[in-house]
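Keep in mind it's a predicted model, so treat the numbers as computed, not measured. Worth knowing before you read on, the calculation uses all heavy atoms, side chains too, and leaves out hydrogens, waters and symmetry mates.
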Amino acid sequence: AGGGRRGGGPPPPPDPALNETIFKDVSELGFAGLELFDWQINGLESQGLLSGFVEKYKLPLVSSYTSVNLTDPAQRTDTIAAAVAVGKIMKKYGGKTIVIGPSGRVGGESYNYNDHKQNIVTTLNELGKAITDIGLIAALHQHTGTAVETRDETYATMEAVDTRYVKFGPDIGQLLKGGVDPLPGVKTF
């Protein structure tokens, strides 16, 4: 919804006209809610536009695709604080879920999940608890090109996290692309 970003640096300010078109189109198609990226939510809120779009189109923000650095413990406190901040905005507008978009595969082709597993699990558990504490759900969205991509990485992560606080929010297409048969994965988690 509105284009994502996977690079470094600050996100661009969200374009009001483009984002209003997103709200309008999704509402006219009959959907009951909308997911935006965290940077869109933060930007539209800071521009004073979010409440107007939600009210005008009667379209609550049910989830935020929130970028989270899972592999760098030095960024854990800041990344959790940022997710909680967007979560508090979400709650004002009917939000339910913070969809956790994992950071990239450190080292690219040489990425070794096991080298990062403990940081991934610790960050997810702490983030999940913080999100639960504000009344929302934290859901891991495994994705190709991220720290949690393959079947083994997905299963190892979901088997290690505290599922009282971290739920599974799969993308079926990304499961297939990552080599995971979606049906058993969804049934398991």
Side-chain angles (χ1 to χ4, degrees), residues 1-9 11-12 14 18-19 22 25-26 29 31-42 61-72 75-76 79-80 82-83 86-87 90 95-128 131-132 136-163 165-189:
R5 65 180 185 91
R6 287 232 183 250
L18 173 63
N19 281 275
I22 292 167
D25 290 351
V26 171
L29 289 169
F31 287 93
L34 177 64
E35 174 179 296
L36 291 175
F37 290 96
D38 54 349
W39 62 270
Q40 288 173 294
I41 292 166
N42 286 326
L61 292 177
V62 293
S63 61
S64 167
Y65 186 93
T66 303
S67 300
V68 177
N69 189 311
L70 295 179
T71 56
D72 184 355
Q75 293 188 34
R76 186 174 298 139
T79 201
I80 291 171
V86 81
M90 292 285 300
K96 306 231 182 291
T97 305
I98 296 294
V99 176
I100 302 165
S103 50
R105 296 174 81 76
V106 179
E109 292 296 318
S110 66
Y111 176 78
N112 182 332
Y113 170 83
N114 290 323
D115 292 346
H116 301 282
K117 180 181 177 185
Q118 189 55 56
N119 284 327
I120 291 168
V121 170
T122 299
T123 301
L124 284 171
N125 283 336
E126 289 181 18
L127 173 64
I131 295 301
T132 300
L136 297 177
I137 297 166
L140 174 65
H141 178 88
Q142 90 314 320
H143 200 285
T144 55
T146 72
V148 181
E149 173 183 300
T150 68
R151 179 208 183 278
D152 290 346
E153 293 164 3
T154 301
Y155 274 66
T157 301
M158 289 309 300
E159 288 169 350
V161 296
D162 186 337
T163 56
Y165 306 116
V166 180
K167 307 302 180 191
F168 189 41
D171 178 310
I172 301 304
Q174 292 298 321
L175 282 169
L176 281 169
K177 193 173 179 183
V180 181
D181 182 351
L183 189 56
V186 170
K187 282 183 177 180
T188 300
F189 305 114

key: Derivation of the side-chain contact (heavy atoms from CB on, under 4.5 Å) call for L140 and F189   = CA-CA 11 Å; L140 174 65; F189 305 114; over 6 Å; no
inquiry  = How long is the straight-line distance from CD1 of I98 back to CG of L136, given to the nearest 0.5 Å?
reply    = 5.5 Å
ask   = At what distance, to the nearest 0.5 angstrom, does CD1 of I120 lie from CG of D72?
value = 12.0 Å
query = Can you name the nearest heavy-atom pair linking L70 to P102, along with the distance?
reply = CD1-CB, 3.5 Å
query = Do the ring planes of W39 and F37 sit parallel (below 30°), tilted (30 to 60°) or perpendicular (above 60°)?
reply = parallel
message = Please determine whether side-chain contact (heavy atoms from CB on, under 4.5 Å) holds for the pair L61 and L36, giving the CA-CA distance in whole Å, both sets of side-chain angles, and the decisive distance to 0.1 Å.
response = CA-CA 7 Å; L61 292 177; L36 291 175; 3.8 Å; yes
inquiry  = If the test is side chain to side chain contact (heavy atoms under 4.5 Å, CB included), which one of L124, T123, N125 qualifies with V121?
reply    = N125
message = Can you confirm whether the side chains of T122 and Q118 place a donor and an acceptor under 3.5 Å from each other?
response = yes
ask   = Going by the salt bridge (charged side-chain N to carboxylate O under 4.0 Å, His left out) test, which pairs reach into residues 110-125, not counting sequence neighbours?
value = none
request  = Work out which heavy atom in H141 is nearest to a heavy atom in V99; give both atom names and the distance.
outcome  = CB-CG1, 3.4 Å
key: Q142 vs P170 side-chain heavy atoms within contact, under 4.5 Å   = yes
ask   = Nearest 0.5 Å, what's the OG1-CZ distance between T150 and R105?
value = 6.5 Å
ask   = What pair of heavy atoms forms the shortest contact from A83 to I131, and how long is it?
value = O-CD1, 3.8 Å
inquiry  = Under a 3.5 Å threshold, yes or no: a donor from one side chain and an acceptor from the other, between T144 and E149?
reply    = no
query = Any donor-acceptor pair under 3.5 Å linking the side chain of N42 with the backbone of V86?
reply = no
task = Begin with the C-alpha distance, continue with both residues' side-chain angles, and end with the deciding distance and a verdict on side-chain contact (heavy atoms from CB on, under 4.5 Å) for V148 and M158.
result = CA-CA 10 Å; V148 181; M158 289 309 300; over 6 Å; no
message = If you count every heavy atom of other residues, nucleotides or ligands that lies below 6.0 Å from K167 atom NZ, does the total exceed 12?
response = yes
inquiry  = For T188 and F168: C-alpha separation, side-chain torsions, deciding distance, then whether side-chain contact (heavy atoms from CB on, under 4.5 Å) applies.
reply    = CA-CA 10 Å; T188 300; F168 189 41; over 6 Å; no
inquiry  = Please find the pair of heavy atoms, one from I22 and one from L34, that lie closest to each other, and give the distance.
reply    = CG2-CD1, 4.0 Å
ask   = For the atom pair CG (D162) and CD (E126), what is the distance rounded to the nearest 0.5 Å?
value = 12.0 Å
message = Testing the basics here: between N69 and T79, what is the closest heavy-atom pair and its distance to 0.1 Å?
response = N-OG1, 3.3 Å
request  = Determine whether the side chains of Q174 and D171 contain a donor N or O and an acceptor N or O closer than 3.5 Å.
outcome  = no
note = What one should report as the nearest heavy-atom pair of T97 and M90 is O-CE, 4.2 Å
ask   = Hey, what do you get for CG (L183) to CD1 (I172), rounding to the nearest 0.5 Å?
value = 8.5 Å
request  = Enter the distance from D181:CG to L176:CG here, rounded to the nearest 0.5 Å.
outcome  = 7.5 Å
query = Is there a donor-acceptor pair closer than 3.5 Å between any side-chain N or O of Y165 and the backbone N or O of A138?
reply = no
ask   = Between H116 and Y111, how do the two ring planes meet: parallel, tilted or perpendicular, split at 30° and 60°?
value = parallel
